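Source: prediction; values computed, not measured. The sequence lines fix the lettering, A, B, ..., with proteins before strands; numbering per chain opens at 1.
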Amino acid sequence: MMQEPKKRLFLVDAYALIFRGYFAFIKNPQINSKGQNTSAIMGFMNSLIDVIKRERPDHLAVCFDKGGSEARNEMFPEYKANRDETPDAIRFAIPYIYSILEAMKIPVMVKEGFEADDVIGTLAKKAEKEGYTTYMVTPDKDFAQLVSENIFIYRPVFGGGYETWGIPEVQKKFEVENPLQVIDFLGMMGDSSDNIPGLPGVGEKTAKKFLKEFGSMEALLDNTDKLKGKMKEKVEANREIGLLSKQLATIMLDVPVEFNEEDFEVCPPDTEKVLEIFDELEFRRLKDNFLKSFSVEAMASNGTSREPNDAENNAPTTKQKTSKVAERSKSAGQGQFSLFGGDGEAAANAKDFNTRATIENTEHFYQTVQPGMGAKLFFQNLMKQKSVCFDTETTSLNPLEAELVGIAFSWEKGKGFYIPFPENREETQQILEGLRPFFEDESIEKIGQNLKYDIKVLAKYDIAVKGKLFDTMLAHYLINPDMRHNMDVLSETYLNYTPVSITALIGKKGKNQRSMRDVDVVQQTEYAVEDADITLQLKEHFEKELGEANTQQLFDEIEVPLLRVLAAMELEGINLDKNFLNSLSAALDSDILQLEKNIYEEAGETFNIASPKQLGEILFGKMKLIDKPKKTKTGQYSTSEDVLSYLAKDHKIIRDVLEYRGLAKLKSTYVDALPAQIEPTTGRVHTDYMQTVAATGRLSSNNPNLQNIPIRTERGRQVRKAFVPKNKDYVLMAADYSQIELRVIAALSEEDNMIDAFKNGEDIHASTAAKVFNVPLEEVTREQRSNAKTVNFGIIYGVSAFGLSNQTDLSRTEAKELIDTYYKTYPKLRNYISSQIDFAREHGYVQTVLGRRRYLKDINGSNQVVRGAAERNAVNAPIQGSAADIIKLAMINIYNKLEEENYESKMLLQVHDELVFDVYKPELEKLKAMVKHEMENAYKLTVPLDVDLGVGENWLEAH
DNA sequence: GCGACCTCTTA
DNA sequence: GTAAGAGGTCGCC
């Protein structure tokens, strides 16, 4: 590997990496057949070999603690006193690690009575004088104090990758001028794991503030007159502790160790010995890795290697199959690899490691298609197929920014092809043009997992995906909506096959994640075609099940067509008035600052209001605003809205806290977050609708979530003004269903009293109040209507008297009475509810008007609480789900009309019972009529559906 | 850096 | 009482 001109020394912080390794596997401890927990050894060796492989250091040492720090213990006997017993797995690991290091001929540095930090610090400084650049290999941020122009922190990250901290990184991270100030920072803040006390009441934020203002611990202590209130008292009272903490946090640079260059030189390992130990520990994958890293060939690039850690580049993320969370890491990097070749039978022998088949032990024929003859033959064959599974590989999870890296195709189990694309956009486009006839062929069925993603990516290359679609993720969502639907889970569940992990190829998410572009083409092919192959096999599986569950129609007529609609809406995005939000942010800022001031004054000290824990301590621990404070399940004082609002009328500080919270939330979640989500390539925000998350059949929205933009409060509502039409020629239109869920329950229950109210166009809550409280409609009071409204909604959620009394001013008895009267008023509603529960008990599921099922495994459970929840689900799921079915139908029909009739206007958003459109002004009247008609007639109920339309220059006005 | 917890926003 | 997503803190090392 390349050698830099300057000599490089790597100093490895052994214990820190051992602990890190151990905890990385804490949820999935590595136990070998002898019952030994090898997590710590494995974790440490992974990091060490990774560093060696990446950096090929010529000078290297691993540093250990021995006997703790005499000096620090003398200063402060409690130093590190609160450490838990070292876990057994780590005790067990140490001698092995020593033997492995010995066999690898890696120098070990230990000095009795000193910590590894001090040894490393001393060596780094000495090496610096000798002209070395030193990399301290450690996850421990305390080392930041040692960073200089020649000394860096080198933090390995699991799954590959690392980050280097130099002076600029330390300055940024700790918000200091000089790395030495990190000592002051640590001293002020303290460190619970080392039991360094720090200044009481000073956490990360305050420490940074102090450093900016005073520069050092000493300067702070000399200028306490500039502080005020409680903080002043506390700092002054803890002068000594502050100075002691700083001393404890200081890494010593005068450990009696010498830096003799030759002692640190890296020698070839005693391979046989190393392998012997690895065999004993049953480290198969590590062994493999070690051999590859230390063989002569390892020095040259290795095109055919299947090892994941080869790519060195840092780059953006890759596509992830079903959701933003990468879940394919379960077996990555943990030596669970089976070395068995051959067929699936061998997998059965791999007990203790992995009982599932993998690409390693499954026969497959995956081919990379290169330009030329091969490509021609492939294409001819492709066009002959009736049904093909495909899967795109890209550089990003964000389809708007994703570059195509390759596309995999499969139409026969165990076989498939991969077309890689060059980095050059024009060339990629050219190759794609060759594939256009396939994608745009109406007669070839396209199969995929999460096709919405692939369709969006291809749309950016102006390729439409036509013909019948089969999305395995959607299919499984209908088969079992309560499960997760990412491909790896599906594969393991239905095919008993563990796919190649994406993290093995590109690393875990984070800034060190590599891009699919940097993975070699052989591995790209194996990974991508495997996905297409698996997806194809899943399709065979789900096709049958869809028929059995009788959800075929829902699949063909709702979910699959909707996928295209959502793709279009997401690609379109919505325009945001950034300037407006910026001014809103500034206004909020000043109000928040004022409230902060008030609260500190009322509390008599400063603290973090956003921390429920600190807030609870102040309000209930210190100020004792309440006799018997409510506690959360973790034993903290509860500071939730309903607790606080109860106290608001008596205490100004509570009112201020509530207002502070509201404003802080508004600012961080919406006003500041939304502009940051504007897509640079389009200047608009593009939410991602999740079609397979909500168990009831609703959509969900994320990145950003545009389904929870504030509307209830005046201040919050302002955010909606930031959602504006495309340009001057457009307006926004919002169309929402009026009381759709109540209409659904009225129709499903055939409750005439309620149906008539809807048919007569009555205000349903007032109508309910009139009937329940037995007063004429026009004499219903606000309070009566409000209570009736609460019950109406309560019914939808599966109400109990307890819940109802919590939501209203009514007592438990009054609530019960109200519910009883309610059921007398609407007798069929009660029957309907019990019939739903009975149905669920008998069949194990409930369903919507379109046959969307939700399985309720706890419906016959013996635990009352769990069963109660299942019963409420049995009531709610058909209602919420039917409403979701109806708006989905409406969306599909509206989208088709917009396309067929060549509207300029676009559908932009869905918020459960509302649709939002960018309306080209000349089309306004026509569109209004069309949308209203399609929504109101999407599905025929015995109750009319009613849609309200609003138009305006922004989303708020459109309501 | 990651997950658990708490809180808050919507329909 | 139903269904979601997201931000901040805190404790794990």
Of all the nucleotides listed ([options]), which has the minimum atom distance to the side chain of [X]?
X: A:P710; options: B:dT10, C:dG7, C:dA3; answer: B:dT10
X: A:Y670; options: B:dT9, B:dC8, C:dG1; answer: B:dT9
X: A:R712; options: B:dT10, C:dG7, C:dA4; answer: B:dT10
X: A:Q614; options: B:dT7, C:dG1, C:dC10; answer: C:dC10
X: A:I711; options: B:dA11, B:dT7, C:dA3; answer: B:dA11
X: A:V693; options: B:dA11, B:dT9, C:dA4; answer: C:dA4
X: A:R155; options: B:dG1, C:dA3, C:dT2; answer: B:dG1
X: A:D913; options: C:dA6, B:dA11, C:dC10; answer: B:dA11
X: A:Y797; options: C:dG1, C:dG5, C:dG11; answer: C:dG1
X: A:S611; options: C:dC10, B:dT10, B:dG1; answer: C:dC10

Closer than 4.0 Å, any side-chain N/O of [X] to the OP1 or OP2 of [N]?
X: A:T639; N: B:dT7; value: yes
X: A:K613; N: B:dC5; value: no
X: A:S700; N: C:dG5; value: yes

Does [X] reach a base, just sugar-phosphate, or nothing at all? Heavy atoms under 4.0 Å.
X: A:E914; value: nothing
X: A:R717; value: nothing
X: A:V799; value: base
X: A:I709; value: sugar-phosphate
X: A:N708; value: base
X: A:N608; value: sugar-phosphate
X: A:T790; value: base
X: A:A877; value: nothing
X: A:R872; value: sugar-phosphate

Would you please classify the geometry between the [Y] ring and the [X] ring as parallel, tilted or perpendicular, with 30° and 60° separating the classes?
X: A:Y845; Y: A:Y855; result: tilted
X: A:Y15; Y: A:F19; result: tilted
X: A:F793; Y: A:H765; result: tilted

Within this structure, what is the [atom1]-to-[atom2] distance between [X] and [N], rounded to whole angstrom?
X: A:I887; N: B:dT10; atom1: CD1; atom2: C1'; result: 14 Å
X: A:Q910; N: B:dT10; atom1: CD; atom2: C1'; result: 12 Å
X: A:R661; N: B:dT7; atom1: CZ; atom2: P; result: 6 Å
X: A:Q691; N: C:dA4; atom1: CD; atom2: P; result: 15 Å
X: A:R812; N: C:dG1; atom1: CZ; atom2: C1'; result: 13 Å
X: A:W165; N: B:dG1; atom1: CH2; atom2: C1'; result: 10 Å
X: A:L663; N: B:dT9; atom1: CG; atom2: P; result: 10 Å
X: A:Y660; N: B:dC8; atom1: OH; atom2: P; result: 13 Å

task = Over all heavy atoms of both residues, which pair between A:E714 and A:R717 is shortest? Give the atoms and the distance, please.
result = OE1-NH1, 2.9 Å

request  = Measure distances between side-chain N and O atoms of A:Q880 and base N and O atoms of C:dT2, and say whether any donor-acceptor pair falls under 3.5 Å.
outcome  =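 Flag set: donor-acceptor pair detected.
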
ask   = Salt-bridged, A:R852 to A:E559, with N to O below 4.0 Å?
value = yes

task = Between A:A610 and A:N705, name the one whose nearest nucleotide on DNA chain C is closer to the 5' end.
result =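 That would be A:N705.
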
request  = Would you please name every residue forming a side-chain hydrogen bond (donor to acceptor under 3.5 Å, both in side chains) with A:N37, sequence neighbours left out?
outcome  =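 side-chain hydrogen bond (donor to acceptor under 3.5 Å, both in side chains) list for A:N37, sorted by chain: A:S39.
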
Quiz item: cation-pi between A:K630 and A:Y637, 6.0 Å / 45° = no

